2 protein chains.
Amino acid sequence: MATTARKKPVKRRRSPIQSRGQATVDAIVEAAAQILARKGPAAATTNAVAARAGVSIGTLYQYFADREALLQEIGRRHVAEMQAVLAGALTGIDGLALPAAVDRLVAAIVAMHRVAPRLHQALHQSLARDHLDTIDAFEVAVEGMVSRALETRDELDLSHPELTATVLVRGLGGLIRTTIRREPERLDDPALALAMRAMILGTLGESRRRA
Amino acid sequence: MATTARKKPVKRRRSPIQSRGQATVDAIVEAAAQILARKGPAAATTNAVAARAGVSIGTLYQYFADREALLQEIGRRHVAEMQAVLAGALTGIDGLALPAAVDRLVAAIVAMHRVAPRLHQALHQSLARDHLDTIDAFEVAVEGMVSRALETRDELDLSHPELTATVLVRGLGGLIRTTIRREPERLDDPALALAMRAMILGTLGESRRRA
DNA sequence: CGAGGATCTGAGCAAAGGCTCATCTTCTCC
DNA sequence: GGAGAAGATGAGCCTTTGCTCAGATCCTCG
């Protein structure tokens with residue numbers, strides 16, 4: 001797994017060689033993520049980040065070409081974390097019967113978003129429009145994954161697995177994001193999980209080939 | 001139907017008396033909305049807005065206490081427009097049979113978002129975190145409206161109409177917003193409309209009292 | 001130990017943008 | 001017609017912020 005300050009375009013900077021440098025980079029990224037999560041994108045100025053990380057701005061710019069690069073790195077780490085949680089919560093799901101599998105899926109999606117709700121939201125804001133490729137790519141990947149999983153289950157007999165996957169993933173994602181923004185505590189509400197379950201099962205049932 | 005530069009807190013400014021003033025205010029708001037929609041929140045600087053509106057910054061600040069007030073006014077107008085479109089697209093829906101009603105609903109929701117997709121997205125970004133009360137209030141209102149509509153239809157026999165409404169409204173909203181961001185042209189895809197229909201019908205069916 | 005690379009420092013430059021104010025122009029209305 | 005209110009102007013102040021640079025300090029390793 002690559003680690004630090006690499007960009008695709010033309011934005012490189014020194015990569016840490018000594019462990020001291022690595023620690024510094026981590027401190028910077030974590031400080032930035034914290035500010036982002038607690039006070040939003042506007043508060044995450046490079047100077048503020050450096051201060052919170054306990055390093056000088058000079059040091060920050062030693063590892064990141066510019067503010068944008070820092071944000072992208074945060075996005076990359078966040079996505080990796082979400083992916084890990086998702087994968088973990090989904091292992092062995094193929095062996096389960098449909099209702100149980102759906103329960104698992106709901107739990108997994110919720111868990112994935114619970115990793116860092118505020119940060120997730122902040123990233124969706126700050127990266128939007130420009131380079132939220134990382135997050136987008138992840139979401140696209142999830143849609144593909146779900147699509148394939150749906151195809152595999154013959155019992156479902158969907159007429160358009162991809163479409164169904166798209167609707168489900170984007171719908172659930174939006175639902176959860178909205179809920180996080182407006183009623184964060186509600187994520188733990190079992191009733192909501194049940195409602196999501198109903199939505200998924202209902203959508204699947206209604207999307208059968210001979211519906 | 002108040003009109004222009006009124007805030008709740010402590011941010012007032014002259015309200016236009018002469019029609020000239022009203023025209024100026026409209027020009028400013030429209031210019032700002034245009035920039036917001038085309039180039040995003042970052043590009044919507046007060047100077048840029050004034051320039052595009054063909055007035056001086058001084059004039060802009062004659063009617064708006066600060067940039068934020070301007071954004072809020074845009075939000076207010078946008079929400080009003082969406083509300084109008086929604087109401088229009090939904091008239092007489094109570095008399096329709098369920099499948100037809102759902103089709104109408106899907107069309108209405110899509111139409112509502114098509115009013116100004118880019119602006120809608122930009123507002124969600126720029127207002128987020130601080131004062132997007134206006135948009136939030138609207139969304140809450142829509143949830144309430146849908147909840148009541150669901151309750152009315154005895155045929156549905158929902159166990160938790162409110163929950164179902166929440167899930168449907170937030171889910172569909174998120175689905176549409178994500179689609180607008182990633183594949184704007186797809187909003188016109190009839191297959192997507194069908195998929196949304198399936199999602200709604202399925203969710204309703206699966207949310208019955210004795211499910 | 002000491003050379004040389006890695007790391008870190010922070011004052012401050014330059015750009016950008018929000019917003020003010022002193023002043024001028026246009027309307028309204030008696 | 002003209003007084004006074006409404007409307008408009010725009011140079012520029014002031015603050016914020018991204019980012020640079022000339023060095024200082026710390027580490028590694030022969």
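Both backbone and side-chain heavy atoms feed into the values below; hydrogens, waters and symmetry mates do not. Model, not experiment: these values are computed from the prediction.
Atom CZ of B/F64 and atom P of C/dT20 are 15 Å apart (whole Å). The CD1 atom of B/I28 sits 11 Å away from the C1' atom of D/dG7 (whole-angstrom rounding). B/Q22 has its CD atom 17 Å from the P atom of C/dC27, to the nearest Å. The CG-P distance, from A/L70 to D/dT17, rounds to 15 Å in whole Å. Atom CD of B/Q62 is separated from atom P of D/dT9 by 10 Å (rounded to the nearest Å). Atom pair A/L60:CG and C/dC8:P shows a separation of 11 Å (rounding to whole Å applied). Computed from coordinates, the A/Q18 CD to D/dC26 P distance equals 13 Å when rounded to whole Å.
Rounded to the nearest 0.5 angstrom, A/M82 CE and A/M112 CE are separated by 4.0 Å.
Out of C/dT7, D/dA8, C/dT9, the shortest distance to the side chain of A/R20 is found at C/dT7.
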Sort me out a list of protein N/O and nucleotides 16-18 of chain C N/O pairs below 3.5 Å, or just none if empty.
residue: C/dG18; atom: OP2; partner: B/T46; partner atom: N; Å: 2.7
residue: C/dG18; atom: OP2; partner: B/T46; partner atom: OG1; Å: 2.9

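Between B/I17 and B/G58, the residue whose closest nucleotide on DNA chain D is further toward the 5' end is B/I17.
Taking only side-chain nitrogens and oxygens, A/T59 never comes nearer than 4.0 Å to OP1 or OP2 of C/dT7. For B/S56 and D/dG10, the shortest distance from a side-chain N or O to OP1 or OP2 is not below 4.0 Å. In this model, the phosphate group of C/dT7 is not approached by any side-chain N or O of A/T24 to a distance below 4.0 Å at OP1 or OP2.
At a threshold of 4.5 Å between non-hydrogen side-chain atoms, the residues B/T24 and B/Q62 do not count as touching.
Closest approach of B/P184 and B/I180 over heavy atoms only: CG-O, 3.2 Å. The two residues B/L192 and B/T179 make their nearest non-hydrogen contact at CD2-CG2, 4.2 Å.
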Hey, mind stepping through B/I74 and B/L119 against side chain to side chain contact (heavy atoms under 4.5 Å, CB included) and telling me if it holds?
CA-CA 9 Å; B/I74 294 177; B/L119 176 61; 4.1 Å; yes
I would like to know whether B/Q34 and B/R52 meet side-chain hydrogen bond (donor to acceptor under 3.5 Å, both in side chains); could you show each step before the answer?
CA-CA 9 Å; B/Q34 229 174 86; B/R52 173 164 215 118; 2.9 Å; yes
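Ring orientation note: the planes of A/H113 and A/H120 are nearly perpendicular, at an angle over 60° on the 30°/60° scale.
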